[in-house]
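Below is one structure, written out as structure tokens, with a few remarks after it.
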Amino acid sequence: GKVEHAIFYEYNTGQKVDGLNKLIEDYDKLNKNAFETYDLVKNALTTKDTTGHSKIDWVLRYGGYNPNDGDKIHSEFSVYNDALKIDGEGVGGTIDILIEHKDGSFSIIDLKTGSLSDERKGKLKYGNMDESVLNKSMLQVMLYAMLLKSNNKDIKFRNLKLLKLSNTNEVVPFDIA
């Protein structure tokens with residue numbers, strides 16, 4: 001997932017992530033016998049399909065991004081609140097893609113590259129939600145929205161999305177709100 005996030009950041013900002021070369025080197029070492037390498041992942045994300053859009057373009061479209069409307073993209077956006085505590089520590093995280101729409105609303109997109117199996121992974125239940133990878137991922141996006149809201153009471157959200165990036169050119173969306 002880190003390589004995909006670095007590629008999205010570079011694509012959206014034109015800037016390389018600090019330590020990208022080390023990340024690529026480590027990734028390629030771990031995957032030296034695997035099909036995916038940094039170059040293959042980058043090609044999969046940036047190669048245009050028959051409609052003229054890349055996987056990155058599709059991800060942004062699912063999130064409601066419209067560059068013609070003046071929307072702005074924030075990649076790897078850190079959010080934190082020390083008033084909310086878990087084990088005495090403040091709560092925070094990094095939003096993969098935060099879209100700031102021209103109308104002042106925001107969309108949160110969290111990217112997932114691993115399995116999003118609905119299979120129950122633990123014994124815990126949250127209300128009527130089982131402890132599955134998919135449910136935990138959806139809760140993560142909702143926590144990001146709550147953290148943003150805790151720092152800005154007037155913030156409005158247009159989309160909260162979880163997007164599964166497959167090894168093919170497919171992007172599988174999960175709408176949260």
Side-chain angles (χ1 to χ4, degrees), residues 1-24 26-27 30 45 56 59-60 62-67 69-118 120-165 171-177:
K2 287 183 180 179
V3 168
E4 287 85 351
H5 291 128
I7 293 167
F8 265 87
Y9 181 82
E10 180 183 342
Y11 185 86
N12 292 322
T13 66
Q15 301 172 0
K16 291 206 183 293
V17 171
D18 288 339
L20 180 61
N21 290 337
K22 172 110 173 74
L23 181 66
I24 293 168
D26 292 347
Y27 184 82
L30 287 172
L45 290 174
I56 291 176
V59 164
L60 296 175
Y62 281 128
Y65 175 69
N66 187 341
D69 282 348
D71 291 350
K72 295 178 189 169
I73 299 171
H74 306 279
S75 295
E76 300 296 312
F77 187 85
S78 295
V79 62
Y80 179 82
N81 187 312
D82 59 0
L84 300 171
K85 305 246 186 234
I86 295 179
D87 293 332
E89 298 290 326
V91 177
T94 303
I95 299 170
D96 294 334
I97 300 173
L98 180 67
I99 300 173
E100 183 178 352
H101 300 285
K102 187 177 181 179
D103 67 3
S105 64
F106 289 82
S107 292
I108 297 173
I109 302 174
D110 194 53
L111 306 173
K112 296 298 178 191
T113 55
S115 172
L116 278 181
S117 170
D118 251 343
R120 192 170 172 192
K121 298 292 183 192
K123 296 179 182 179
L124 296 176
K125 270 186 93 83
Y126 310 101
N128 64 352
M129 290 176 63
D130 287 327
E131 186 183 5
S132 69
V133 175
L134 178 59
N135 286 337
K136 284 181 177 180
S137 298
M138 289 181 171
L139 285 170
Q140 177 185 352
V141 173
M142 289 185 278
L143 177 62
Y144 290 153
M146 289 171 56
L147 287 169
L148 286 170
K149 188 83 168 166
S150 73
N151 293 321
N152 180 352
K153 305 286 184 237
D154 296 326
I155 195 168
K156 303 276 188 242
F157 296 101
R158 185 182 295 181
N159 295 300
L160 301 177
K161 301 237 182 211
L162 182 65
L163 297 176
K164 167 75 173 100
L165 304 179
V171 177
V172 181
F174 295 89
D175 291 335
I176 298 167

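In what follows, residues are counted from 1 in the order of the sequence shown. Atom set for the values below is all heavy atoms of this structure, side chains included, hydrogens, waters and symmetry mates excluded.
- The nearest pair of heavy atoms linking Asp96 to Leu111 is OD2-N, 2.7 Å.
- In this structure, the side chains of Tyr65 and Ile73 come closer than 4.5 Å at one or more pairs of heavy atoms.
- Remark: Asp154 pairs with no residue by the side chain to side chain donor-acceptor pair (under 3.5 Å) rule, at least two apart or across chains.
- Within a 6.0 Å radius of NZ in Lys149, other residues, nucleotides and ligands contribute more than 12 heavy atoms.
- Evaluation of the ring pair (Phe, Tyr, Trp, His ring centres under 6.0 Å) test over residues 71-94, restricted to residues two or more places apart or in two chains, returns His74-Phe77.
- To the nearest 0.5 Å, atoms CE (Met142) and CG (Leu139) are separated by 4.5 Å.
- The CD atom of Glu100 lies 9.0 Å from the CG atom of Asp71; values are rounded to the nearest 0.5 Å.
- Legend: residues meeting side-chain contact (heavy atoms from CB on, under 4.5 Å) with Ser105, ordered by chain and number and at least two apart, are His101, Asp103, Lys156, Arg158.
- Partners of Asn81 under the side-chain contact (heavy atoms from CB on, under 4.5 Å) rule, at least two apart in sequence or in another chain, are Ala83, Leu84, Leu147, Ser150, Asn151.
- The structure places OG of Ser78 at 8.5 Å from CD1 of Ile95, a figure rounded to the nearest 0.5 Å.
- Considering only heavy atoms from C-beta on, Leu98 stays 4.5 Å or farther from Val79 through its side chain.
- How far CG of Leu160 is from OG of Ser107: 7.5 Å, rounded to the nearest 0.5 Å.
- Between Lys161 and Val141, the shortest heavy-atom distance links the atoms O-CG2, 4.1 Å.
- A pairwise comparison of heavy atoms in Leu162 and Ser137 identifies CD2-CB, 3.7 Å as the closest pair.
- Atom CD1 of Ile108 and atom CD1 of Ile99 lie 10.5 Å apart (nearest 0.5 Å).
- Contacts of Tyr144 classified as side chain to side chain donor-acceptor pair (under 3.5 Å), with partners at least two apart in sequence or in another chain: Gln140.
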